[in-house]
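This report concerns only the one structure given below.
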Protein chains: 2
Amino acid sequence: ILQASDISKVYPSGEDTVTALNHLSLEFDAGRITAIVGPSGSGKSTLLNLLAGFDVPSSGNVTHNGNSITAMPETTLASYRLAHFGFIFQNYNLVSILNAQENVELPLSLASVPRLERTKRAKELLARVGLGKRITHRPNQLSGGEQQRVAIARALATNPSVIFADEPTGNLDSATGSGILELLTGRSEGSEARTLILITHDMEVAARADKIVKIRDGRLDSGA
Amino acid sequence: ILQASDISKVYPSGEDTVTALNHLSLEFDAGRITAIVGPSGSGKSTLLNLLAGFDVPSSGNVTHNGNSITAMPETTLASYRLAHFGFIFQNYNLVSILNAQENVELPLSLASVPRLERTKRAKELLARVGLGKRITHRPNQLSGGEQQRVAIARALATNPSVIFADEPTGNLDSATGSGILELLTGRSEGSEARTLILITHDMEVAARADKIVKIRDGRLDSGA
Ligand SMILES: Nc1ncnc2c1ncn2[C@@H]1O[C@H](COP(=O)(O)OP(=O)(O)OP(=O)(O)O)[C@@H](O)[C@H]1O
Ligand SMILES: Nc1ncnc2c1ncn2[C@@H]1O[C@H](COP(=O)(O)OP(=O)(O)OP(=O)(O)O)[C@@H](O)[C@H]1O
Ligand SMILES: [Mg+2]
Ligand SMILES: [Mg+2]
């Protein structure tokens, strides 16, 4: 379903370059949970950003259901993402001038969902992540883990078939984090299982995946 | 050494208020490691910010070695913090226009440390956190865990007697995180043990503390 073919990503670094990803090829099966693990700086977020089309590889290709993410012009890609993908950024990327409810509604407005339905969905999701009493708080009036939960609710807003989650439980205690994972996999809802690709440093979280992919120095690491 | 006496913190929240901390009293022994744990939103960061004087309690007092942090005027407090405290923020608070080395040098410049010594110290610390090859990278050219490590190096720059660390290993794999803890406790350096007050969701990290303090709904939680 989602395929990375021989992708590399090279960044300039002063006089030198950094090869964040080095000829990586990977496939992600529909409806499965894949955990991406590896040391800090090993290329995990770079990989996730390329898969969701937030960045372009220096070489190689990303395709989703046969559609080339890499070749899509930005506007087409933006609509494609809106229609199919949900993304939880490592630094959340919440809009600071919008409150929690407005942040979650944002993708729904972009998807032209009618206001009443938007509001209902946003409030539902915020309640599901335990923020029912924080919907009017702006990001700087929320704790770190509360901001993370708003980002999670936002990624779920359009009920996408693929969710990319970059450290979705890093700022959550294990009880809260556990509930979040249920929500992300979508399985608890009895709906069709969504594809979840998540980066984590937490081995308990990784253990709940169907498949674990290890990255080291921009390459797949088959080691133990 | 560091004492919170009956501190409360109340935030406005729309029509209502949020009581982030509710008449909390605590003491932190010099040279010891204290871990603060508790659910997301329970008041941990609020507590840490009040202890280091980044915020003022709605009521109650914070004192360090008998000096009232709460009563100090901002300029005095800023110098006091520079002289005694190091702080690792949950969201790092790096200066985006400065590169890694410049971010670490910042407290040293503020402390009027001569340039050559500043540069030497910053480079040493960045090497110690594994970023020897990233010193010219700005925050947006660094991975999440690399940004976290710059924040850690910066907190250590002035070799403070007290370090406040808000989730210092949240974005680090366990191997990297483990080395960071050694560095933070300062014990590996053979120097006088510093006071480390750290918030963590990671029970392995908490297990390395001399004392664990549990917070729930803005109060001390004596429960299991
Ligand atoms: N814009 C950039 N310019 C230069 N180097 C970069 C840039 N972005 C990332 N890098 C480098 O690429 C490497 C991989 O970054 P990436 O964010 O993918 O790591 P990561 O595995 O997600 O790490 P972490 O677990 O710390 O979040 C890092 O060493 C980083 O310094
Ligand atoms: N400026 C603010 N205005 C209103 N409410 C706030 C503000 N800052 C924090 N809060 C609320 O106070 C509570 C405690 O926040 P705090 O950041 O101390 O939690 P925390 O224990 O650090 O959580 P986490 O583990 O998620 O980082 C949260 O529920 C938060 O919504
Ligand atoms: Mg990352
Ligand atoms: Mg916090």
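Note on naming: letters A, B, ... go to the chains in the order of the sequence lines (proteins, then strands), and numbering restarts at 1 for each one.
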Most contact-rich option vs chain A, by heavy-atom pairs under 4.5 angstrom, among B:S42, B:A175, B:G41, is B:G41
Heavy atoms only, distances under 4.5 angstrom: which of A:K44, A:H201, A:M203 has the most pairs with chain B? Name it, please. A:H201
Answer yes or no: is there a donor N or O on one side and an acceptor on the other, between the side chain of B:D173 and the main chain of A:G38, under 3.5 Å? no
So how far is it from A:R134 CZ to B:S13 OG, rounded to the nearest 0.5 Å? 6.0 Å
Under 4.5 Å heavy-atom distance to chain B, tell me which part of A:V18 shows up: side chain, backbone, both or neither. side chain
Answer with side chain, backbone, both or neither: which region of A:N91 has an atom nearer than 4.5 Å to a non-hydrogen atom of chain B? neither
I want to check something: taking the side chain as every heavy atom from C-beta on, are A:S40 and B:S143 in contact at a cut-off of under 4.5 Å? yes
With rounding to the nearest 0.5 angstrom, report the CD to CD distance, A:Q90 to B:Q147. 8.0 Å
Heavy-atom pair count under 4.5 Å with chain B, highest-scoring of A:G145, A:S45, A:G177: A:G145
Which of the residues B:Q141, B:R149, B:E146, B:K133 is involved in the greatest number of heavy-atom pairs with chain A at under 4.5 angstrom? B:R149
Atom CD of A:E124 with >12 non-hydrogen neighbours under 6.0 angstrom: yes
